[in-house]
Amino acid sequence: DYFELLDLKIYNRWGQMVYKSQGSQLGWDGTFAGEKVPAGVYVYVIQVRLKYTDQVISHSSNITILK
């Protein structure tokens, strides 16, 4: 492995965080507060640490939930 997954955050279109995970427990089942989220575009921010340089990198993009 070249990197270590640090955390994952997912936000709805209003900027409300609907999911947060840290460490190796990354993965979202498409729910928020026990309910399936509505179809739409969500923003994710993922953070990784490069193992050889110890540099932390963040990346963000979007995902679309279809129903």
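Both backbone and side-chain heavy atoms feed into the values below; hydrogens, waters and symmetry mates do not. None of these values were measured; they are calculated from a predicted model.
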Report all side-chain donor-acceptor pairs from residues 36-46 shorter than 3.5 Å, counting only partners two or more places apart or in another chain.
unit_1, atom_1, unit_2, atom_2, d
Y42, OH, P38, O, 2.7

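At a threshold of 4.5 Å between non-hydrogen side-chain atoms, the residues D54 and R49 count as touching. Proximity of Q22 to L6: side-chain heavy atoms (C-beta onward) are nowhere separated by under 4.5 Å. In this structure, F32 and I10 have side chains that are not in contact, with every pair of non-hydrogen atoms separated by 4.5 Å or more.
Taken together through direct or relayed side-chain contacts under 4.5 Å among Ile, Leu, Val, Met, Phe, Trp and Tyr, M17 and L5 form parts of separate hydrophobic clusters.
Rounding to the nearest 0.5 angstrom, the gap separating the NZ atom in K51 from the CZ atom in F3 is 9.0 Å. The distance from the OG atom of S60 to the CD atom of Q47 is 11.5 Å, given to the nearest 0.5 Å.
Between the side chain of Y11 and the main chain of Y19, no donor-acceptor pair closer than 3.5 Å is present.
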